[in-house]
Enquirer: 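Please see the structure below; I have some questions.
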Amino acid sequence: MAYWLFKTEPHEYSIDDLALAGSSGAPWDGIRNYQARNLLRDQVALRDRVLIYHSSCSAVGVVGIARISRTAYVDPDQYDSTSPYYDHKATADAPRWYRVDLVFEALFPKRVSLATIKNTPQLSDMVLLRQPRLSIQPVTDSQWRQINALANAGC
DNA sequence: GCCAACGTTGGC
DNA sequence: GCCAACGTTGGC
């Protein structure tokens with residue numbers, strides 16, 4: 001089982017929205033970057049665990065965790081010309097974009113801010129700091145444990 | 001809202 | 001296949 005970090009802009013879709021989807025989970029859509037697509041399609045496995053990261057907001061950081069409830073399948077929005085995720089180069093024979101489903105697992109007692117991550121030496125190798133624009137990222141076992149420890153520190 | 005970093009597109 | 005132009009991301 002592997003660990004991941006998925007980014008979202010909370011004004012578009014937040015961890016609270018994922019929590020509202022309940023035990024049936026919700027699709028994680030709109031991934032339109034090849035490196036992220038390849039990870040989703042080829043490596044993300046059922047029941048892998050995911051750090052949910054809120055970006056582009058006043059409180060950036062890791063806010064909770066989720067689990068993969070369905071592995072990669074073709075994202076139908078790429079064929080919908082009214083969708084912001086429409087891609088005119090995608091065909092039925094050669095889909096370009098995929099998505100997975102996530103199920104909410106927990107909200108952290110305390111958000112682990114980007115500033116905290118930057119200030120924690122054990123997290124200096126996180127992909128988040130090295131490839132800040134990648135929206136689907138692998139997380140190591142030790143990074144996972146460290147983030148969870150920070151999220152629960154002082155609680 | 002600004003701007004740096006970086007990914008994508010398309011002409012040649 | 002190169003690379004300039006352009007678009008997007010995301011922190012501040």
Side-chain angles (χ1 to χ4, degrees), chain A residues 2-21 26-44 48-66 68 71-102 104-140 142-144 146-154:
Chain A
Y3 298 113
W4 305 95
L5 181 148
F6 285 15
K7 282 196 260 182
T8 184
E9 300 187 17
H11 63 273
E12 298 286 341
Y13 191 85
S14 76
I15 192 164
D16 299 318
D17 296 316
L18 184 61
L20 286 172
W28 198 262
D29 50 19
I31 301 299
R32 294 291 183 273
N33 165 285
Y34 289 107
Q35 197 177 349
R37 189 278 312 268
N38 292 346
L39 290 170
L40 270 188
R41 187 190 58 192
D42 304 334
Q43 294 190 243
V44 172
D48 278 358
R49 300 177 84 190
V50 180
L51 298 172
I52 302 297
Y53 179 91
H54 281 175
S55 67
S56 298
C57 61
S58 58
V60 294
V62 181
V63 291
I65 57 182
I68 303 296
T71 53
Y73 58 102
V74 172
D75 183 344
D77 292 346
Q78 67 194 301
Y79 305 122
D80 175 1
S81 61
T82 67
S83 165
Y85 300 123
Y86 177 66
D87 183 342
H88 72 280
K89 291 186 177 169
T91 66
D93 285 347
R96 279 190 159 188
W97 307 112
Y98 292 79
R99 68 192 197 188
V100 298
D101 289 356
L102 286 189
F104 171 80
E105 207 158 67
L107 193 64
F108 281 157
K110 198 168 72 182
R111 171 177 60 98
V112 181
S113 70
L114 178 60
T116 298
I117 291 171
K118 285 180 174 170
N119 289 328
T120 302
Q122 298 95 315
L123 297 176
S124 61
D125 287 333
M126 280 192 77
V127 177
L128 185 67
L129 304 182
R130 293 165 178 254
Q131 262 183 281
R133 297 181 53 183
L134 187 59
S135 56
I136 303 286
Q137 315 180 351
V139 169
T140 67
S142 70
Q143 289 162 355
W144 175 270
Q146 184 73 34
I147 293 279
N148 275 270
L150 290 167
N152 291 287

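Just so we're on the same page: letters track the sequence lines, and every chain starts at 1.
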Enquirer: Please list, chain by chain and in numerical order, all residues satisfying side chain to side chain contact (heavy atoms under 4.5 Å, CB included) with A/Pro76, sequence neighbours excluded.
Expert: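 For A/Pro76 the side chain to side chain contact (heavy atoms under 4.5 Å, CB included) partners, ignoring immediate neighbours, are A/Arg99.
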Enquirer: Could you tell me how the ring of A/Trp28 sits relative to the ring of A/Phe6: parallel (under 30°), tilted (30 to 60°) or perpendicular (over 60°)?
Expert: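 Aromatic pair A/Trp28/A/Phe6 classed tilted.
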Enquirer: For A/Ile31 and A/Ser135, work out which heavy atoms get closest and say how close.
Expert: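 Closest approach of A/Ile31 to A/Ser135: CD1-OG, 3.8 Å.
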Enquirer: When the nearest nucleotide of DNA chain B is assigned to A/Lys89 and to A/Arg133 on a heavy-atom basis, which residue is associated with the more 5' position?
Expert: A/Arg133
Enquirer: First contact, last contact: which nucleotides of DNA chain C are these for chain A, 5' to 3', heavy-atom distance under 4.0 Å?
Expert: C/dG7 to C/dC12
Enquirer: Please collect all salt bridge (charged side-chain N to carboxylate O under 4.0 Å, His left out) contacts where either partner lies in residues 123-137 of chain A, sequence neighbours excluded, each pair once.
Expert: A/Asp125-A/Arg130
Enquirer: Got a salt bridge between A/Arg32 and A/Asp77, using NZ or NE/NH1/NH2 to carboxylate O under 4.0 Å?
Expert: no
